[in-house]
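What follows is a short report on a single structure.
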2 protein chains.
Amino acid sequence: MLEPERHQIILDALKTKSSVKLQELVELTNSSESTIRRDLIQLEQGKLLKRVHGGAARLQGKLQEPSMTEKSSKNLQSKRRIAQYAAGLVSEGDCIYLDAGSTIVEMIPFLPDNIVVVTNGLSHASELLEKNIKTFLIGGFAKPTTKALIGRGALDSLEHYRFDKCFMGVNGIHSQFGYTTPDPEEAMVKQLAISLSSEAYVVADESKFSEVAFSKITDLHQATIITNELDPDTKEQYHSKTNIKVVTS
Amino acid sequence: MLEPERHQIILDALKTKSSVKLQELVELTNSSESTIRRDLIQLEQGKLLKRVHGGAARLQGKLQEPSMTEKSSKNLQSKRRIAQYAAGLVSEGDCIYLDAGSTIVEMIPFLPDNIVVVTNGLSHASELLEKNIKTFLIGGFAKPTTKALIGRGALDSLEHYRFDKCFMGVNGIHSQFGYTTPDPEEAMVKQLAISLSSEAYVVADESKFSEVAFSKITDLHQATIITNELDPDTKEQYHSKTNIKVVTS
DNA sequence: CTAAAAACAATTAAAATCAATCATAAAAAT
DNA sequence: ATTTTTATGATTGATTTTAATTGTTTTTAG
């Protein structure tokens, strides 16, 4: 039996139970104890499971193979609904800015064709090209984690553009401080893009409202939040303290 | 049995299982072990599967989604050899420019880690990020066919950089006119990048020498061509008429 | 607390698989 | 028709994977 196949069997076994005995795996794979041990070491190094005395156990942060897909797909549905609503605000002929980020990318399938898009999202640009949308990318340093273009170069090339509308993602929305993003460099790009746009929209699903960690604030209250249902108390709270308009899809 | 047929059998086998033993493939195709090994090497280079000890496995990153078009592996081999040689010219600590294009992208796996890369290739940037290389993208209009960034915005952001070395692709090399690229907008970007670089290299496989269609010339003879073996006559012809240095890998 | 049992890591030798090379046969080019 | 190129299969020694064995550590039961 090939190594990838054994690894798959081991990981599959951990999808149903939260832990497996080494002996079970020996029988399941018709391999020796030594071989399974080596496999477990490899899989542990790849952070796919945790070795425990007598066998292996699922990882805490990564029990997502069954449930994370589920959760993220639920979250994705929510994101997609909001994104579709946001895309509906774009008119043919518009020149718009799309911020990097996983929520914004969901807008792309719903965008009209005859528009011009400027973005700082590396992966956004690829998707836009697939849809035959006229696409401009700003320059800058490519941030490894998010594939967003940021830094001095980003600001330089951004300031040559003007937008009818811009659509921004955020890491969190704070009832007192406004929109928050942990990376100051990214925040500066957002801020500039908003100031270059006639209308600014923040697209955020409800999970963003519970975020607590932040360090830098995109402090422009002239934008409109697009989100899904929010309980009226929260909504009122945000509006009164920050003057943010909240629109629900 | 013909090569394409074998390749299809191998790929089909991986559609049902997540891995196949080499011996199974030997029986399925009535070919020798050596032949299957060679097939697997080719298919792995075409990024259609992953070789593992004892056989081959599906690669899960891309479930047969993208360009299933197996690159003509003959031309690819040639490109890759030249690209590897070119990558060898890059020293740790260098700041280099990588032009968009299919030949240049093959350099990326061979580049050292501790360098800074500036590029106008959308797909290049993604690959560079995978390798954890510090990457800057210039801005500009994203050309749909090649995913290259061109135009006014590209020139604007490009001119803020300076490079130790730049590596350019071309569509053709003409014995009288020099390097040729059909798109004037793209040619301007190339030209500027070359002028911003201490050393300029043109990386081109032999197929580029037979190209005839061109419209705009990147008319800078200060670059060095990196290519594979060329018959001495051609080599001399190019050198005498264009003053282009030709280096073979 | 102690002893037996189970699980462990480390070492080893055998088997399987590998890369590299060579020779041959088929195909393509001249 | 002849040379060159290409694809294939066989053989070689080297490498990797595997399973069995060793002695050690951990768990469990009395």
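All values derive from a computational prediction rather than experimental measurement. Naming convention: chains lettered A, B, ... in sequence-line order (proteins, then strands); numbering from 1 in each chain.
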- Take A:L2 and A:H53, find for each the nucleotide of DNA chain D with the closest heavy atom, and name the residue whose nucleotide sits nearer the 5' end. A:L2
- Item | Interface limits on DNA chain C, where chain A has a heavy atom under 4.0 Å of a nucleotide atom | C:dA7 to C:dA9
- Correct closest heavy-atom pair for A:A100 and A:G121 would be CB-CA, 3.8 Å
- Task: Kindly indicate, with the supporting measurements, whether the criterion side chain to side chain contact (heavy atoms under 4.5 Å, CB included) is fulfilled by A:V20 and A:L28.
- Result: CA-CA 11 Å; A:V20 268; A:L28 268 167; 6.0 Å; no
- Item | Integer-rounded Å distance: D:dT6 C1' and B:R6 CZ | 12 Å
- Item | Intermediate values then yes/no, side chain to side chain contact (heavy atoms under 4.5 Å, CB included), A:I9 and A:M1 | CA-CA 11 Å; A:I9 289 175; A:M1 175 168 304; 3.9 Å; yes
- Which ring-ring contact (aromatic ring centres under 6.0 Å, His included) pairs, counting each pair once, include a residue from residues 96-121 of chain B, with sequence neighbours left out? B:Y97-B:F163
- Step by step, work out the side chain to side chain contact (heavy atoms under 4.5 Å, CB included) result for B:D99 and B:C166. CA-CA 8 Å; B:D99 186 36; B:C166 73; over 6 Å; no
Please tabulate, for side-chain N and O atoms in residues 48-55 of chain B, each donor-acceptor pair with protein atoms closer than 3.5 Å (sequence neighbours left out).
none

- Query: Which ones in residues 20-38 of chain A lie close to DNA chain C, meaning a heavy atom under 4.0 Å from one of its atoms?
  - Reply: A:L22, A:R37
- Query: Please give, in whole Å, the distance from D:dT26 P to A:R51 CZ?
  - Reply: 13 Å
- Between D:dT18 (C1') and A:H7 (NE2): distance, integer Å: 13 Å
In a table with atom names and distances, give each donor-acceptor pair under 3.5 Å that connects a side chain of residues 127-138 of chain B to protein atoms at least two apart or in another chain.
from, atom 1, to, atom 2, distance (Å)
B:K131, NZ, B:P109, O, 3.4
B:K131, NZ, B:L111, O, 2.8
B:T135, OG1, B:I133, O, 2.7

- With sequence neighbours left out, the residues meeting side chain to side chain contact (heavy atoms under 4.5 Å, CB included) with B:R38 are B:S34, B:T35
- Item | Spacing of A:E3 atom CD relative to D:dT16 atom C1', expressed in whole Å | 10 Å
